[in-house]
Amino acid sequence: MQSKNGNAEKNEKELIRKAKGGDEGSFEALISSCKGKAYNVALRYMANEEDALDALQESFIKIFRHLDKFNEQSRFDTWVYKIVVNSCNDMLRKSKKNQYADSVYRYDGGDEAAIEIVDKSPGPPELLERKEESAYILNCLERVGVEHKEILVLRDIQGFAYDEISEILDCPVGTVKSKISRARQKLKEIYLQN
């Protein structure tokens, strides 16, 4: 008698085989098994729903196009999350290239007009309120830097195991552990600054 986990692996391998053969239903079944967690990874990574959905769509297109390259040495969902993380990184790099700074002065038909720049930084009462809410931690997460954010999202928010993160990021488990330690320290420093 096979274990429940063994049956799930056998079923996944069968779905992968069929999907590689062009069976769209099998591909959809594979994707539906991990799309919720993949969306959460993208959302935490991109920080807004629209960009997360774009990254997810881009990821699923890549997965569909390159399914034949999946070597089945790892779990399918781990391979999917790796593609989602890479798609998010690609989108973040592209968005940084497309950013530009607006001038303090704008010229409209020869007339020069100053632009009013509103200070959107929160005041002391708002900072205190944020510290009391879990949203404050996510705000700090945005300031730790891409590499630290990536590892914290995978481990502390999504709950991936060290070996899964190692596979997703394509680095040794020891490196994963040291990156997590450094990232948590950086997040702690940022959290305590305010």
Side-chain angles (χ1 to χ4, degrees), residues 2-17 19-20 27 29-47 51-52 55-56 58-96 134 136-193:
Q2 279 198 334
S3 70
K4 193 175 188 179
N5 197 23
N7 285 335
E9 277 184 37
K10 187 177 178 183
N11 186 35
E12 181 178 275
K13 287 186 185 292
E14 181 64 19
L15 286 172
I16 291 167
R17 187 187 62 74
K20 284 182 174 183
F27 179 76
L30 285 167
I31 292 299
S32 69
S33 70
C34 58
K35 72 179 177 184
K37 200 166 184 179
Y39 170 74
N40 286 331
V41 168
L43 183 60
R44 296 293 181 221
Y45 212 83
M46 301 305 292
D51 288 345
L56 204 56
E58 176 95 11
S59 299
F60 290 158
I61 290 168
K62 288 177 184 175
I63 292 163
F64 184 75
R65 286 184 181 159
H66 301 289
L67 185 60
D68 60 322
K69 294 180 180 146
F70 176 57
N71 63 15
E72 299 179 43
Q73 296 300 312
S74 64
R75 290 184 11 207
F76 179 76
D77 58 352
T78 302
W79 183 66
V80 168
Y81 305 139
K82 181 175 185 172
I83 291 172
V84 171
V85 166
N86 288 339
S87 294
C88 290
N89 278 328
D90 291 345
M91 287 181 68
L92 289 170
R93 271 192 296 278
K94 287 177 188 173
S95 71
K96 283 185 180 180
S134 63
Y136 179 71
I137 295 172
L138 294 176
N139 182 304
C140 292
L141 187 61
E142 292 300 316
R143 297 174 16 212
V144 298
V146 173
E147 184 177 323
H148 292 313
K149 179 180 176 181
E150 175 179 71
I151 200 91
L152 290 171
V153 165
L154 292 174
R155 178 66 185 152
D156 295 333
I157 296 176
Q158 294 303 317
F160 285 104
Y162 293 119
D163 59 332
E164 291 175 311
I165 297 170
S166 169
E167 200 169 320
I168 291 169
L169 299 180
D170 200 23
C171 64
V173 172
T175 303
V176 168
K177 289 179 180 180
S178 65
K179 282 184 172 187
I180 289 170
S181 177
R182 286 192 304 271
R184 286 176 177 162
Q185 182 60 38
K186 183 68 176 171
L187 182 62
K188 180 180 175 183
E189 289 170 11
I190 290 171
Y191 181 83
L192 294 175
Q193 281 178 355

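In this chain, numbering begins with 1 at the start of the sequence shown. Given the structure is predicted, the values throughout are model-derived calculations rather than measurements.
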(message) A side-chain contact here means heavy atoms from C-beta on lying under 4.5 Å apart; do Arg17 and Glu14 qualify?
(response) yes

(message) Side chains of Arg182 and Ser178, heavy atoms from C-beta outward: is any pair under 4.5 Å?
(response) yes

(message) Are the side chains of Val144 and Tyr191 in contact, using a 4.5 Å heavy-atom criterion?
(response) no

(request) Before accepting this row, confirm whether a basic side-chain N of the pair Glu164/Arg75 lies closer than 4.0 Å to the acidic partner's carboxylate O. (result) yes

(message) I'd like to know if the side chain of Ser59 reaches the main chain of Ala55, judged simply by a donor and an acceptor atom lying under 3.5 Å from each other, with no hydrogens or angles considered.
(response) yes

(request) Under the side chain to side chain donor-acceptor pair (under 3.5 Å) rule, collect the residues that match up with Lys37, sequence neighbours excluded. (result) none

(message) As an exercise, state the distance from CD1 of Ile165 to NZ of Lys82, rounded to the nearest 0.5 Å.
(response) 13.5 Å

(request) Check whether any side-chain heavy atom of Ile180 sits under 4.5 Å from a side-chain heavy atom of Tyr162, and report yes or no. (result) yes

(message) Is the shortest side-chain heavy-atom distance between Leu141 and Val153 below 4.5 Å?
(response) yes

(request) Measure from NZ or CZ of Lys20 to the centre of the six-membered ring of Phe70 and say whether it is under 6.0 Å with the direction within 45° of the ring axis. (result) no

(message) Using the rule given for side-chain hydrogen bond (donor to acceptor under 3.5 Å, both in side chains), can you reason through Asp51 versus Tyr45, listing the C-alpha separation, both sets of side-chain angles and the distance that settles it, and then say yes or no?
(response) CA-CA 9 Å; Asp51 288 345; Tyr45 212 83; over 6 Å; no

(message) Given 3.5 Å as the limit, does a donor-acceptor pair link the side chain of Ser87 with the main chain of Ile83, or not?
(response) yes

(request) Determine the minimum heavy-atom distance between Lys149 and Met46, stating which atoms define it. (result) NZ-N, 4.4 Å

(message) Rounded at 0.5 Å granularity, tell me how far CZ in Arg184 sits from NE2 in His148.
(response) 13.0 Å

(request) Measure the shortest side-chain to side-chain distance between Arg44 and Leu152 over non-hydrogen atoms and say whether it is less than 4.5 angstrom. (result) no

(message) What's the separation between atom CG in Leu154 and atom CD1 in Ile168, rounded to the nearest 0.5 Å?
(response) 5.0 Å

(message) The test is side chain to side chain contact (heavy atoms under 4.5 Å, CB included); show your working for Asn86 and Lys62 and say whether it passes.
(response) CA-CA 11 Å; Asn86 288 339; Lys62 288 177 184 175; 5.5 Å; no

(message) If you define the side chain from C-beta out and look only at heavy atoms, does anything of Lys13 sit under 4.5 Å from Phe76?
(response) no

(request) Determine whether Asn71 and Trp79 make a side-chain contact, defined as any pair of heavy atoms from C-beta on separated by less than 4.5 Å. (result) no

(request) Quick one: pull up OH in Tyr81 and SG in Cys34 and give me the separation to the nearest 0.5 Å. (result) 5.0 Å

(message) Please give me the minimum heavy-atom distance between Cys171 and Val176, naming the atom from each residue.
(response) SG-CG2, 3.6 Å

(request) Look at Lys186 together with Glu147 and state whether they make a salt bridge at an N to O cut-off of under 4.0 Å. (result) no

(message) What verdict does the side chain to side chain contact (heavy atoms under 4.5 Å, CB included) test give for Phe64 and Ile31, after you've listed the backbone C-alpha separation in whole Å, the side-chain angles of each residue and the deciding distance to 0.1 Å?
(response) CA-CA 10 Å; Phe64 184 75; Ile31 292 299; over 6 Å; no

(request) Give, for atom CD of Glu189 and atom CZ of Arg143, the distance between the pair rounded to the nearest 0.5 Å. (result) 11.5 Å

(message) Working to the nearest 0.5 angstrom, can you tell me the gap between Ile157 CD1 and Ile151 CD1?
(response) 12.5 Å

